[in-house]
Each structure stands twice: as structure tokens, then as C-alpha cells.
Amino acid sequence: MTRQARPLRIGNASGFYGDRFDAMREMLTGGELDVLTGDYLAELTMLILGRDRLKDPGAGYARTFLRQLEECLGLARERGVRIVANAGGLHPAGLADAVRQLADRLGLPVRVAHVEGDDLTAANPGSLAAHAYLGGFGIAACLREGADVVVTGRVTDAALVTGPAAAHFGWGPGDHDRLAGAVVAGHVLECGAQATGGNYAFFHEAAKSGADLRRPGFPLAELHEDGSCVITKHPGTGGFVDVGTVTAQLLYETAGARYAGPDVTARLDTVRLTQDGPDRVRIDGVRGEAPPPTLKVGVNRLGGFRNEVAFVLTGLDIEAKADLVREQLTDALAKSPPAEVRWDLVRTDRPDAPSEETGSALLRLVVRDPSQEAVGRALSGAAIELALASYPGFHVLAPPGKGSPYGVFEDVYVPQGDVDHVAVLHDGRRIPVPPAHDTVVLDELPEPPLPQPLSHGSTTRAPLGLVAGARSGDKGGNANVGVWVRSDDAWRWLAHELTVDRFRQLIPESGPLKVTRHPLPHLRALNFVVEGILGEGVAAQHRFDPQAKALGEWLRSRHLDIPEILL
């Protein structure tokens, strides 16, 4: 295919299954677009869709996407916008058929294709859903053959952008730098409004500057043939785009300098960001390397059953009240204790509180066991029987139920050649997508040189967040916390101050766990990966914040000695 010089305008209309319903219409009517993407899948979503499929073999895809198309398919056709979404989930062929039926009912001549081959559930006995993360060349094959709508199952989030870019510009598997640029663009777009001011650390500053954060618009990328791009949004939509919002999203759910995928390994340590005008950030300089020889496979299994109850402790003697109810329930469950019991005392109470709620703390009990009975009736009976026989003021937020199933997630890796990646066209033709020919086993990069330490005078004890932004997220049982600053002087201080040891001090939960620090000097950022802090993944509900969404904000709230010249 002939390389195209014209920039490709790729937008996003969904960052997760359940995102703003009218975003698709807003993106189609708000300005010029060539391709509109939607990311509907996450580790937890795959588990939810797997449970749906147990009840109905024809289920397993994001039904919201179909309802959005009912309103917007004609509009996309009229405006010449192609739609690419991973809403196919566990059943992309089923969703493709449903879109065809919708198009026929609406009287629209729409060519619908899908990508398959990611489903490895049969090869992983005992799993509810096991799916390989495919790259973008199946999507590219569909688009090159004229598809108007392409639906996929489990592809990488960035594949929704690398596929259309490869089709538009005629890129091949060896165009590593160009593909890496598209991967970075795709990673910025995939979480929707997180690139346009949503969930942004310095939101209060942006609001004071006039940005309307009540309803951030969705992002788009003007992608160029060399792999560089400009991240922006439609005029007149809410939110804002600047180097900070793009930096925050680049750090989200990543780890080291090598960001590996099935098409290419993008070097995040080469990314350069430049403000290119209001609501425009240029990304260039991205280098790419051959992808690894293996594909990641996300395996979801049912882990057992869980239940929880939150005891409300009000007023005086909070610790003693918590000790009493712990001892009582431990004795009551002694005959058949659940396999896992976890207590957390959350001190939300204040002394001399002006309301009963602000004078109360919560004691949270979570239990897990392979048997529903062990966490259901046994727990609920033991807890409720204490109603008149425990600490003064005894009550709970809600009585425990019968116990609900929970899932566990793990990632495994298979050779790229073990997966039958196939583009299935609107006319039924099947185009095999070969695995990458050139691959490189991933190695850790040596730590880049750090800047000279900041020379400073006096310091003030203050929250880290006065100087640094952060964004955190989950990858299976691990969490990452990306921390960045906005000036060279702040970077000279942060790079030397926020060591792994200091991170452990500020986040005590990480103390017994493996913590790895990855400096990214071009972004003035540090990325910390905390292994195992989320247990067996989000569906297992291992901790209070099971996806580590607010772990970065907790870090920003912790106090340390900050040079006064930075405050």
C-alpha cells in the first residue's frame, strides 16, 4: 500500500466498559476524524464477560457498543469515519454478526470485519477466560480490505491505533520507530478523558486557569507518517490537553523504559513532549525495537468465594472495641475458619466530632474460601449474633450476604507462533496474520544518568504533591506509581530524593514487597512497580483500593522535607 503523507486523525470514544455513552456521538459530530476507536476491555471486564458467557454462550461482548452504534452508525458512514473497537471481548464473531444485523435493520451498506485468534481458553484448563494480547496487523488487514467497522477481542490497547496507522501509511512489521510512535499515541488515547484532564493530579490548578473539568472531552491524535503525533481534542469540548495530562497518561499502567507489545517494543525513555499550542501536545523522538518473541496471555479463573462486613465503631475506645469484636468472631469461626481472614481498622473518626459519622471508625472484615458455605452463612450468623453481645454502639454498614464468587488473574506467555491471529473480512474471507519475524528477548536497560543534585538551602516538611504529580494503576497483582515534576530543578531534587527506600517509607504497604524504580529523564518522571500489592488481581479484591487507582494520590499526600525554593 502506498504511504500516505496526510496525517491520520484517530479519536477515542471509550476508555472502559461503562464509559460515557454519548462520547461516540460527541466525537463524530465535534470535528474531523478518520478513525474512531473504543477500548472496552480490562482484566476485570474479561472476567465479567466470562461469567456472562457461562449463562449464555452467545454473550461475551460489550452490548453497550451495539447501543451506541444504533445511534451513530449512520453518522459514521455519512462522515466517512471508520470505527475500530475491542468490544468483541470473548466473542468478536458474535459482535460482528450483531453489527451486520443492526446495519441491515438501519438500511446501511456497512462492511463489518473482525479479528480472532486470541482465545486460548481451551489451552488453559480450569480457566474462565484466557486470551492472548494481539497486535494491530489483523486490524490493518481488515481496514486495507475496505472494512468500515472492525471489532476485535483481546488486543493490546495500543493496537487500536497501530492497526489503523499501519493500514493508512503502509507500514510493515519492520517499521519499528513508526510503530512505536503509534503505540505511544495509542497508550495516551486508550483511557479516554484521562488524557484531557480527567483524574489529573493538578486538577485544581487547571480549574483556576479556566479549564472546565466537569465534563472533559475525549482525546484524538493527529498521527504522522514518521510516527510522531499531536494529542488534542475537539474544539469546544471540556477539559484540557497539556504536557502534564499527557505525561500522566504515559505513566499509567506502564513499568520500565521498554514498553513491550506484539508489534514493537516502544522505548518510553525516548519520548519527547512539547506544548504545541492550546490543547495540543506534540509527541516525537520515539524509538522502537523488535517485539519480544512471546505474547502475553491474560488468564482469568474463579478463585473461590468472598464475603465482607464493616463494623461501625463510634466514639471512645476504638482500638479496644475493635479488639473485642475480632476476638469474638475468631472464637465463633474457630470450628471451621475460612481459608483467608483479613481485618482492617480504618480510623476515619475524629475526637469531639460534630456528627456521629465523623466520630466513627470502620473495622472491615474480609474472608475468602473455596467453599461458599464457609464465608456465607457461617460468617453472617456469627456476625449478626453479636448484635446485643459485643461493644457498645454495635452496628454494621450492611449485614454480610451469602458470599459471592471472586476471580483471580495471572499472566502467562506463549510463543508468538502459537497463536492463530486471523482477520475475518466482511465477505467471510480469512487472512492469516503472521507473527513477527524479528524478535528480541527483553532485557532491563541500565539506569540512565541522573541530573546533578539540586543545591538548596532550607527545607519545609510538606506533602510531596505540592511539587509532584502522580498516577497509579494495576497490572494483575502488581501496581505501578508514576511520579513526575514540572521543572528541571524539581527533577534534580526528585531523582535523588525519591529512592526505593524513601518510597517504602512513604508507602509502608510496600515494605515487604519487591519495588523497582524506573527513571524516565525526558519526562522528568520516576515509575515505581510494586509487585504483589494487589494479591491475585482486581477481581480478588485483595485491598481497599483493588486497582491501585489512588495509590499515587496517597503517595502525594505523604510528607517529607522539600526544598523551600520548590514550594
Side-chain angles (χ1 to χ4, degrees), residues 15-16 42 44 188 191-209 211 213-214 216 239-240 242-255 344 346-348 350 362 364 460-475 477-487 490-491 493-494 497-500 502-511 513 515-518 520 523-535 538 541-562 566-567:
F16 66 100
L44 181 59
V188 173
C191 278
Q194 280 197 168
T196 56
N199 301 350
Y200 184 54
F202 299 110
F203 73 99
H204 57 292
E205 294 182 16
K208 289 179 182 177
S209 300
L213 298 180
R214 294 171 298 176
F240 67 105
D242 69 6
V243 169
T245 66
V246 174
T247 299
Q249 180 55 28
L250 277 175
L251 295 172
Y252 182 63
E253 296 183 344
T254 59
D344 290 295
V346 185
R347 295 299 302 265
T348 51
R350 303 174 189 173
L362 295 177
R364 182 168 173 254
T460 295
R461 194 78 175 168
L464 174 63
L466 296 184
V467 174
R471 180 165 286 166
S472 55
D474 65 315
K475 281 295 182 184
N478 303 335
N480 92 290
V481 184
V483 185
W484 82 96
V485 290
R486 297 177 289 179
S487 71
W491 170 239
W493 171 75
L494 183 77
E497 173 65 24
L498 196 56
T499 61
V500 168
R502 179 75 74 226
F503 183 93
R504 291 183 192 278
Q505 292 171 10
L506 299 175
I507 306 295
E509 280 183 83
S510 68
L513 304 173
V515 179
T516 306
R517 185 182 99 147
H518 303 280
L520 297 168
L523 300 177
R524 301 193 194 102
L526 302 170
N527 209 350
F528 293 87
V529 177
V530 187
E531 297 186 20
I533 193 170
L534 303 180
V538 54
Q541 298 281 311
H542 177 74
R543 67 189 296 273
F544 168 69
D545 175 16
Q547 290 180 282
K549 296 291 189 181
L551 189 59
E553 285 301 294
W554 180 26
L555 177 66
R556 292 183 69 234
S557 74
R558 299 306 309 272
H559 289 223
L560 68 172
D561 295 325
I562 299 176
L566 299 180
L567 296 172

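All residue numbers in this chain count up from 1 along the given sequence. Just so you know, these numbers come straight off a predicted model, no measurement behind them.
A heavy-atom distance below 4.5 Å is not found between the side chains of I507 and V530. Taking the side chain as every heavy atom from C-beta outward, I533 and E509 approach each other to under 4.5 Å. Side-chain contact check for L526 versus H518: every heavy-atom pair is 4.5 Å or farther apart. Residues R524 and V243 are not in side-chain contact: their nearest non-hydrogen atoms beyond the backbone lie 4.5 Å or more apart. Taking 4.5 Å as the limit, every side-chain heavy atom of Q249 sits out of range of all side-chain heavy atoms of V246. Looking at heavy atoms from C-beta onward, E531 lies in side-chain contact with N478 at the 4.5 angstrom threshold. Within the 4.5 Å cutoff, no side-chain heavy atoms of V467 are placed close to those of L494. Within the 4.5 Å cutoff, the side chain of L213 has heavy atoms near those of the F240 side chain.
With hydrogens and angles ignored, the 3.5 Å screen pairs a side-chain donor or acceptor of R504 with a backbone N or O of S510. D344 contributes no side-chain N or O that, together with a main-chain N or O of F544, makes up a donor-acceptor pair within less than 3.5 Å. Using modelled atom types, one side-chain atom of T245 and one backbone atom of A195 make a donor-acceptor pair closer than 3.5 Å. Under a 3.5 Å cut-off, the side chain of S472 and the backbone N or O of N480 do not form any donor-acceptor pair.
Atoms OG1 and CZ, from T499 and F528 in turn, are 7.0 Å apart once rounded to the nearest 0.5 Å. For the atom pair R556 CZ and L551 CG, the distance stands at 13.0 Å (nearest 0.5 Å). Once rounded to the nearest 0.5 Å, the distance linking CZ of R543 with CG of L534 reads 6.5 Å. Atom CG in L498 sits 10.0 Å away from atom CD in Q505 (nearest 0.5 Å). Atoms CZ and NZ, from R471 and K549 in turn, are 9.0 Å apart once rounded to the nearest 0.5 Å. To the nearest 0.5 angstrom, D242 atom CG is 11.0 Å from T196 atom OG1.
Within a 6.0 Å radius of CZ in R350, no more than 12 heavy atoms belonging to other residues, nucleotides or ligands are found. For R214, the CZ atom counts as loosely surrounded, since its 6.0 Å shell holds 12 or fewer non-hydrogen atoms of other residues, nucleotides or ligands. Within a 6.0 Å radius of CZ in F202, other residues, nucleotides and ligands contribute more than 12 heavy atoms.
When all heavy atoms of N527 and A255 are compared, the pair lying nearest together is ND2-O, 3.1 Å. In this structure, V483 and A468 approach most closely via the heavy-atom pair CG1-CB, 3.7 Å. Across every non-hydrogen atom of L566 and I562, the tightest pair is CB-CG2, 4.4 Å. The two residues A201 and G469 come nearest to each other via the heavy atoms CB-CA, 3.8 Å. For P216 against A193, the heavy-atom pair with the smallest separation is CB-CB, 4.0 Å. Nearest approach of F503 to L555, heavy atoms of both residues: CE1-CD2, 4.0 Å.
Judged as a side chain to side chain donor-acceptor pair (under 3.5 Å), the pairs with a partner in residues 197-206 (not counting sequence neighbours) are, in order, Q194-N199, E205-R486.
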Verdict with reasoning, L520 to W484, per side chain to side chain contact (heavy atoms under 4.5 Å, CB included): CA-CA 9 Å; L520 297 168; W484 82 96; over 6 Å; no
